[in-house]
There are 2 protein chains.
Amino acid sequence: MDSRRAQLLELGLRLFGTRAYDEVSIDDIAQAANISKGLLYHYFGGKRAFYVAVVSDAARRLVAAIDPDPHLPPPARALAGLDAYLAFVEQRADAYAALVTGGLGADPKIAAVLERARQQIADHILADLGLRFPRPAYRLALRAWIGGVEAACVDWLRRRDLPRDRLLALMLGSLQGALASAHAIDPVDLSVPVPRLVDPGPQGSAPDDPVPDDSVPDER
Amino acid sequence: MDSRRAQLLELGLRLFGTRAYDEVSIDDIAQAANISKGLLYHYFGGKRAFYVAVVSDAARRLVAAIDPDPHLPPPARALAGLDAYLAFVEQRADAYAALVTGGLGADPKIAAVLERARQQIADHILADLGLRFPRPAYRLALRAWIGGVEAACVDWLRRRDLPRDRLLALMLGSLQGALASAHAIDPVDLSVPVPRLVDPGPQGSAPDDPVPDDSVPDER
DNA sequence: ACCGGAGTTGACCTCAGTTCAACTCGGTGC
DNA sequence: GCACCGAGTTGAACTGAGGTCAACTCCGGT
């Protein structure tokens, strides 16, 4: 049955989200799932392969979760995507932690899975912005930004010292800064200019004028 | 003697920089160092503790490597610090890989060591910029930026598709963008304004005015 | 010469990951 | 009804890596 596989993946996500890879034994998994050790080897090749499967599945879910609403115009899609990303981070903090902190000492398989997911997210964002940059500076800027988002999310989950919409605005502003920085370094002639993601508006002394908006503002 | 300890740390850095944690056995280490297994347990508590020691040592070196030249004025110190950071990344790619890809998740000890090093770097940069922000938005923006720098460096080491000075400029631009974004979100009255880090100078044929101004909403 | 302790070793122990032969059991063909 | 089949499942046994420890070697101090 395939549901057993899904059940094991779900369980694995919880276990690996809570404790580190080598602190979770096969016996732990088997016991928590009420199955025998051997069955895990039937469904997955071994512990390592199981872990890879768990991480892959979580990455798949994350990428799926930020899938755009095709009705929105491109720039708003990017915003909605990031918002969905943060929602995932918030709701499934364990899964997210397993993903990002999960490195497992740089297992190439894991690294490849994560890098692939990041690439998909990057493509996603580029498409949502209506841009397409194969140029190194832009690619690197975007890659760095994604790394920054991950770091910020992990930190944010631990501290929670900023409302989510502020975090969203912060990340969007950083994205704009990163893309602008890439543009300064490699000033390719864009058919579409780097869009203005954050609309600062009149910035008074009061720190409480609303950041872009709540969850999904589509301006324009 | 203490030199043996240092020798083992150096060796560990090479080994863990090349292969993943659990692909390096105690016997491997012992054999590579021409010592017996037991001796490793004499100097360090065990494999895990050894790994923590290796990472800590590498982090210490990195933080030491970006120590500022006190003669430079603050903004230039920040630039010099980032330059030194990139130099470290380039020269000791293995050590850097061991640090960043290392055990982000593996172990709370490791996470603590790395987070401490990042904190030091962040303080470093803040001091170099002549700023001091305990406010969440700035802290988070800086933390995200550091995560971005790490991601960019790992990617850059793999691809090498940008000259180092361009990478430096890219990162500096992103920093400025991140800080500006934090400022837009939490507009505290800074005694010292966010400094202009990137001095674009005469750029090629480009159709652009240099980025910062429109990358950064609210320049005040 | 004796002592003591740091440095060092190798045999041994333990336990987690892995393998595998065998058992159940619901469906299929005859 | 019956033999068969293959997926699902199990538990015992194997293997190898991490960890322990009593003992040995130096070597400086008394």
Side-chain angles (χ1 to χ4, degrees), chain A residues 1-57 98 101-111 113, chain B residues 1-57 98 101-111 113:
Chain A
M1 191 77 99
D2 206 44
S3 72
R4 170 129 283 178
R5 205 185 140 89
Q7 167 210 345
L8 290 174
L9 286 177
E10 177 63 31
L11 173 69
L13 199 54
R14 257 189 295 132
L15 289 180
F16 288 128
T18 308
R19 290 176 299 177
Y21 174 79
D22 53 355
E23 281 167 351
V24 178
S25 72
I26 297 261
D27 287 306
D28 288 342
I29 301 168
Q31 193 180 347
N34 277 321
I35 61 169
S36 73
K37 263 203 301 194
L39 193 58
L40 202 73
Y41 286 84
H42 174 70
Y43 281 104
F44 309 91
K47 188 185 179 184
R48 200 76 164 249
F50 177 58
Y51 186 72
V52 171
V54 167
V55 169
S56 297
D57 188 58
T101 75
L104 185 54
D107 182 323
K109 285 252 190 64
I110 300 279
V113 166
Chain B
M1 192 69 105
D2 206 43
S3 72
R4 168 128 288 174
R5 204 187 142 89
Q7 168 210 344
L8 289 174
L9 286 177
E10 176 64 31
L11 174 70
L13 200 53
R14 257 188 295 130
L15 289 180
F16 288 127
T18 309
R19 292 177 301 183
Y21 175 78
D22 53 356
E23 280 167 353
V24 178
S25 72
I26 296 260
D27 288 306
D28 288 342
I29 301 168
Q31 194 179 346
N34 275 322
I35 62 170
S36 71
K37 249 191 337 179
L39 194 57
L40 202 74
Y41 285 85
H42 174 70
Y43 281 105
F44 309 92
K47 189 187 181 184
R48 200 77 165 248
F50 177 58
Y51 186 70
V52 171
V54 167
V55 169
S56 297
D57 189 57
T101 75
L104 227 146
D107 183 319
K109 285 252 190 67
I110 300 278
V113 166

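Being a predicted model, the structure only gives us computed values, none of them experimental. Throughout, a chain's letter reflects where its sequence line sits, starting with A, and its residues are numbered from 1.
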### Task
Any chance you could measure B:Asp28, atom CG, to B:Arg19, atom CZ, to the nearest 0.5 Å?
5.0 Å
### N/O (side chain, B:Arg4) to phosphate O (OP1/OP2, C:dT8) under 4.0 Å
yes
### Message
From CZ of A:Phe50 over to P of C:dT18, roughly how many Å is that when rounded to an integer?
### Response
12 Å
### Query
Hey, is CD on B:Gln7 packed in by over 12 heavy atoms from elsewhere, all under 6.0 Å?
yes
### Distance test, side-chain N/O of A:His42 to OP1/OP2 of D:dG8, below 4.0 Å
yes
### Between C:dG7 (P) and B:Asn34 (CG): distance, integer Å
18 Å
### Message
Between C1' on C:dT18 and CD1 on A:Ile29, what's the gap in Å once rounded to a whole number?
### Response
13 Å
### Summary
Checking A:Leu13, A:Ile110, A:Leu9 against A:Val55 for side chain to side chain contact (heavy atoms under 4.5 Å, CB included), the one that qualifies is A:Ile110
### Query
Just checking, A:Lys47 and A:Tyr21: is the charged tip under 6.0 Å from the six-membered ring centre and within 45° of the axis?
yes
### Query
How long is the line joining CD of B:Gln31 and C1' of C:dT9, in whole Å?
16 Å
## Note on the structure
From CZ of B:Arg5 across to P of C:dT8 the rounded distance in Å is 14 Å
#### Entry: Letter per nucleotide, 5' to 3', of nucleotides 11-20 of chain D [B base touched, S only sugar-phosphate touched, - untouched; heavy atoms, 4.0 Å]
B------BBB
#### Entry: B:Ala33 to B:Leu11 - nearest heavy-atom pair and separation
CB-CD2, 3.4 Å
### Message
Without decimals, in angstroms, what is the distance between B:Ile35 CD1 and C:dG10 P?
### Response
11 Å
### Message
I need the CG-P distance between B:Leu8 and C:dG7, as an integer number of Å.
### Response
12 Å
#### Entry: Distance, nearest 0.5 Å, that separates CD1 of B:Ile29 from CG of B:Leu39
12.0 Å
